[in-house]
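Data first, discussion second: the structure below is written as structure tokens.
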Amino acid sequence: MTLAPGLHARLLIMVEKSDTAMKVGSGDVPVLGTPRLLALAEQATVRAVADALEPGQTSVGTRVALEHLAASPIGTHVEIAAELTEVDGRRLVFAFTARDARATVATGTIERVVVDRERFLARLSG
């Protein structure tokens with residue numbers, strides 16, 4: 001498989017207490033917290049390209065635009081979908097949406113860059 005627009009992944013979660021704004025520290029209400037929503041969207045982007053990367057490669061996040069449009073209380077099922085929309089050398093651009101049964105919860109874009117895992121980690125220690 002090659003890195004090409006159209007690669008996609010979906011996650012389905014049920015909002016639990018550990019996912020809430022109260023628990024992650026981004027607010028004081030018992031709804032899906034924006035930082036948790038972003039982590040789920042990033043997880044979907046990672047899954048979308050996992051089988052298309054060469055051995056030893058990974059991708060790292062570099063830019064995010066997220067619009068959190070609706071609240072999802074505890075117990076709500078939310079589907080997060082990410083699709084690779086652009087490949088520009090090592091730069092990957094994804095569009096994502098999150099939906100529950102009532103509404104579109106969030107939309108946005110995430111950019112990631114493909115890196116060699118060992119070289120990336122080696123730069124951190126030296």
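Here the shortest heavy-atom pairing between Leu7 and Ala48 reads CB-O, 3.6 Å. Between Thr109 and Phe96 the shortest heavy-atom distance is N-CE2, 3.5 Å. Contact detail for Pro73 and Val15: the closest heavy-atom pair is O-CB, 3.6 Å. When every heavy atom of Val24 is checked against every heavy atom of Gly33, the shortest pair comes out as CG2-CA, 4.4 Å.
For Ala98, the side chain to side chain contact (heavy atoms under 4.5 Å, CB included) test picks out Leu37, Val78, Ile80, Val105, Ala106, with sequence neighbours left out. Legend: residues meeting salt bridge (charged side-chain N to carboxylate O under 4.0 Å, His left out) with Arg10, ordered by chain and number and at least two apart, are Glu79. Here Arg99 pairs with nothing under the salt bridge (charged side-chain N to carboxylate O under 4.0 Å, His left out) rule; sequence neighbours left out. The side chain to side chain donor-acceptor pair (under 3.5 Å) test applied to Ser59 returns Arg112, not counting sequence neighbours. The side chain to side chain donor-acceptor pair (under 3.5 Å) search around Glu83 returns none, not counting sequence neighbours. For the side chain to side chain contact (heavy atoms under 4.5 Å, CB included) test, residues two or more places apart in sequence or in another chain that qualify with Pro5 are Val87. Contacts of Ala50 classified as side chain to side chain contact (heavy atoms under 4.5 Å, CB included), with partners at least two apart in sequence or in another chain: none. For Val93, the side chain to side chain contact (heavy atoms under 4.5 Å, CB included) partners at least two apart in sequence or on another chain are Thr85, Glu86, Arg91, Glu111. His68 is linked by a side chain to side chain donor-acceptor pair (under 3.5 Å) to Thr34, counting only residues two or more places apart in sequence or in another chain.
Counting only residues at least two apart or in different chains, side chain to side chain donor-acceptor pair (under 3.5 Å) contacts with residues 12-28 comprise Asp19-Arg36. Among pairs with a residue in residues 57-71, none fulfils salt bridge (Lys or Arg N to Asp or Glu O under 4.0 Å), at least two apart in sequence or across chains.
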What verdict does the side chain to side chain contact (heavy atoms under 4.5 Å, CB included) test give for Asp116 and Gln57, after you've listed the backbone C-alpha separation in whole Å, the side-chain angles of each residue and the deciding distance to 0.1 Å? CA-CA 5 Å; Asp116 178 277; Gln57 287 184 327; 5.7 Å; no

Please assess Leu92 against Val113 for the test side chain to side chain contact (heavy atoms under 4.5 Å, CB included), listing each intermediate value before the final yes or no. CA-CA 6 Å; Leu92 310 175; Val113 173; over 6 Å; no

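Transitive grouping of hydrophobic side chains (ILVMFWY, heavy atoms separated by less than 4.5 Å) keeps Leu40 and Met14 in distinct clusters. Taking hydrophobic clusters as Ile, Leu, Val, Met, Phe, Trp and Tyr residues chained together by side-chain heavy-atom distances below 4.5 Å, Phe94 shares a cluster with Leu53.
Within the 4.5 Å cutoff, side-chain heavy atoms of Leu38 are placed close to those of Ile110. Counting heavy atoms from C-beta on, the side chains of His8 and Leu84 never come closer than 4.5 Å. Residues Leu32 and Thr76 are not in side-chain contact: their nearest non-hydrogen atoms beyond the backbone lie 4.5 Å or more apart.
In this structure, Val31 shares a hydrophobic cluster with Val29, the cluster being traced through Ile, Leu, Val, Met, Phe, Trp and Tyr side chains under 4.5 angstrom apart.
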